[in-house]
Number of protein chains: 2
Amino acid sequence: MDTIGFEQHDHKRCVQAAIAAVEAHCETHRLHLTPVRRRVLEILLNRHSALGAYEILDTLRVEGLGSQPPVVYRALDFLVSHGFAHKIERLNAFIACTHPGQDHTPAFLICRRCDAVAEAHAEPTKGMLGRAASDSGFVIEQAVVEAVGLCPRCHEGAPSCA
Amino acid sequence: MDTIGFEQHDHKRCVQAAIAAVEAHCETHRLHLTPVRRRVLEILLNRHSALGAYEILDTLRVEGLGSQPPVVYRALDFLVSHGFAHKIERLNAFIACTHPGQDHTPAFLICRRCDAVAEAHAEPTKGMLGRAASDSGFVIEQAVVEAVGLCPRCHEGAPSCA
DNA sequence: TCTCAAATGTTATGATATCACATATGGAGC
DNA sequence: GCTCCATATGTGATATCATAACATTTGAGA
């Protein structure tokens with residue numbers, strides 16, 4: 001399953017690849033990946049845990065890219081609306097998408113101990129939820145699927161998953 | 001599927017039955033359903049859409065049951081932690097549980113037009129999410145499943161789903 | 001070069017949630 | 001009945017998350 005992000009990986013390379021994929025997508029879809037938007041995406045990509053909007057803003061402020069909340073929220077709106085990032089409702093935080101440009105319903109595995117977040121795929125129209133929806137005539141347009149628990153490393157009984 | 005709440009029903013009776021079920025559960029589990037907690041539950045039960053904490057607080061304030069945010073948040077903590085109510089993360093709002101006392105993972109169908117919310121059951125350990133979790137060694141303890149879309153009535157093309 | 005839409009800068013405020021500490025309530029043991 | 005203590009509530013202040021409103025800048029195309 002290539003969507004699980006708990007294992008070790010070449011992080012620098014994964015960031016570069018993600019940026020490249022987003023750039024390509026913006027190119028073909030005539031979207032503006034402006035400096036602020038690009039930088040917010042980079043900040044998100046540099047972590048595999050979710051970041052609060054104000055944490056991102058702190059970094060932008062240091063770099064002179066903006067100091068007020070609307071700056072970061074607008075950049076996040078752009079990234080989220082085009083599927084380059086996702087909001088984790090449970091955490092009121094944001095995370096870069098691990099497969100940008102592809103249409104998908106993300107599902108998240110959130111470690112409550114080390115705060116790592118892995119993205120998987122959800123199938124909101126299948127399973128009991130999909131059946132309940134179709135039985136009642138509800139039309140699902142969008143879904144939030146977020147599981148909280150322990151990631152493999154934190155589950156091992158290690159004192160910390162740093 | 002008795003967990004779908006979009007159809008018409010005897011609302012007064014459903015509220016009474018829910019209160020009775022919660023009372024019974026508190027009785028057997030030595031939990032205190034204090035006046036504030038009971039009233040918050042009633043306020044939630046009187047709707048089939050989610051209510052924000054401050055909306056609930058407005059009602060409590062009028063009734064002299066408390067006027068500060070911690071009052072309502074503490075009552076909600078009690079209700080949510082014992083499964084008598086759920087938080088809808090997507091809406092930052094709360095809703096009474098439709099089958100209190102039973103251990104379950106709720107899933108919600110949220111109408112974006114009329115704000116009605118129906119509760120269904122989720123199976124977080126099944127489907128692709130469960131497989132992704134077990135494949136990676138993630139242990140799911142809790143899950144948020146919330147679908148946004150159109151309820152049967154709003155989907156009919158009616159001007160409103162009042 | 002002009003124009004206009006898109007993006008950004010900035011001030012202020014709204015909405016959601018918690019902390020910290022004081023006070024009250026109610027049952028267990030004496 | 002009284003004391004002790006855990007639980008619950010009252011209250012003021014504040015933290016955290018998010019958006020409204022409007023001015024200014026930028027950049028692609030006429």
Side-chain angles (χ1 to χ4, degrees), chain A residues 22-23 26-41 43-44 49-82 84-95 110 115 144 146, chain B residues 22-23 26-41 43-44 49-82 84-95 110 115 144 146:
Chain A
V22 170
E23 277 177 343
C26 287
E27 187 80 12
T28 53
H29 292 76
R30 302 286 162 89
L31 300 174
H32 293 333
L33 187 63
T34 64
V36 177
R37 292 169 177 177
R38 185 196 176 98
R39 186 66 191 121
V40 170
L41 178 61
I43 292 167
L44 288 175
S49 58
L51 274 173
Y54 279 70
E55 291 178 271
I56 298 167
L57 183 57
D58 288 341
T59 301
L60 291 182
R61 191 177 285 129
V62 167
E63 299 173 354
L65 274 171
S67 59
Q68 300 301 323
V71 171
V72 69
Y73 278 103
R74 284 191 288 232
L76 287 168
D77 280 350
F78 171 85
L79 296 173
V80 169
S81 67
H82 293 97
F84 304 144
H86 302 293
K87 180 172 187 183
I88 312 287
E89 297 289 346
R90 176 66 193 239
L91 304 175
N92 291 320
F94 300 84
I95 192 165
I110 306 165
D115 293 324
V144 172
E146 298 170 4
Chain B
V22 170
E23 277 177 344
C26 287
E27 187 80 13
T28 53
H29 292 76
R30 303 285 163 90
L31 300 173
H32 294 333
L33 188 63
T34 63
V36 176
R37 292 168 177 176
R38 185 194 176 99
R39 187 65 191 120
V40 170
L41 178 62
I43 292 167
L44 288 174
S49 58
L51 273 174
Y54 280 70
E55 290 178 271
I56 297 167
L57 183 57
D58 287 342
T59 301
L60 292 182
R61 190 177 287 127
V62 167
E63 300 174 354
L65 275 172
S67 60
Q68 300 299 324
V71 172
V72 68
Y73 278 103
R74 283 191 289 232
L76 287 168
D77 280 349
F78 171 85
L79 296 173
V80 169
S81 67
H82 292 98
F84 304 144
H86 302 294
K87 179 172 186 182
I88 311 288
E89 296 289 346
R90 177 65 193 237
L91 304 175
N92 291 320
F94 300 84
I95 192 165
I110 305 165
D115 293 324
V144 172
E146 299 170 4

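Reminder, nothing fancy here: chain letters follow the sequence lines and each chain counts from 1. Any value given below was found using the heavy atoms of this structure, including those in side chains, with hydrogens, waters and symmetry copies removed.
- Put simply, OH on A:Tyr54 is 11 Å from P on D:dT16, counting in whole angstrom units.
- Each of A:Gly64 and B:Phe94 was matched to the nucleotide of DNA chain C holding its nearest heavy atom; the match closer to the 5' end belongs to A:Gly64.
- Note: CG (A:Leu57) to C1' (D:dT19) measures 14 Å, nearest angstrom.
- In terms of phosphate contacts, B:Lys87 brings a side-chain nitrogen or oxygen within less than 4.0 Å of OP1 or OP2 of C:dA17.
- In this entry the distance linking CD of B:Gln68 with C1' of C:dT23 reads 15 Å, nearest Å.
- Using a 4.0 Å cut-off between charged side-chain N and carboxylate O, A:Asp58 and A:Arg61 make a salt bridge.
- Among the heavy atoms of the strands, none lies under 4.0 Å from B:Leu31.
- Whole-Å rounding puts the B:Leu91 CG to C:dA15 C1' distance at 14 Å.
- Among the heavy atoms of the strands lying under 4.0 Å from B:Arg74 is at least one base atom, whether or not backbone atoms are also near.
- Counting to the nearest Å, the P atom of D:dA18 and the CD atom of B:Glu89 are 12 Å from each other.
- At the heavy-atom level, B:Phe78 lies nowhere under 4.0 Å from the strands shown.
- Taking atom CD of A:Glu55 as the reference point, atom C1' of D:dA18 lies 15 Å away to the nearest angstrom.
- Both B:Arg37 and B:Ser67 lie close to DNA chain D; mapped to their nearest nucleotides by heavy-atom distance, the more 5′-ward contact belongs to B:Arg37.
- For A:Leu76 and D:dC17, the CG to C1' distance is 12 Å, given to the nearest whole Å.
- Under the 30°/60° scheme for interplanar angles, the aromatic rings of B:His82 and B:Phe78 are found to be tilted.
- When each of A:Pro69 and B:His32 is assigned the nucleotide of DNA chain D bearing its nearest heavy atom, the one mapping closer to the 5' terminus is B:His32.
- Contact annotation: B:Thr34 reaches the phosphate of D:dT9 (side-chain N/O to OP1 or OP2, under 4.0 Å).
- Contact between the side-chain N/O atoms of B:Asn92 and the OP1/OP2 oxygens of C:dA15 is not found at any separation under 4.0 Å.
- Within the 4.0 Å cut-off from OP1 or OP2 of C:dT18, not a single side-chain nitrogen or oxygen of B:Tyr73 is found.
- When rounded to the nearest whole Å, the span between CZ of A:Arg39 and C1' of C:dT8 equals 18 Å.
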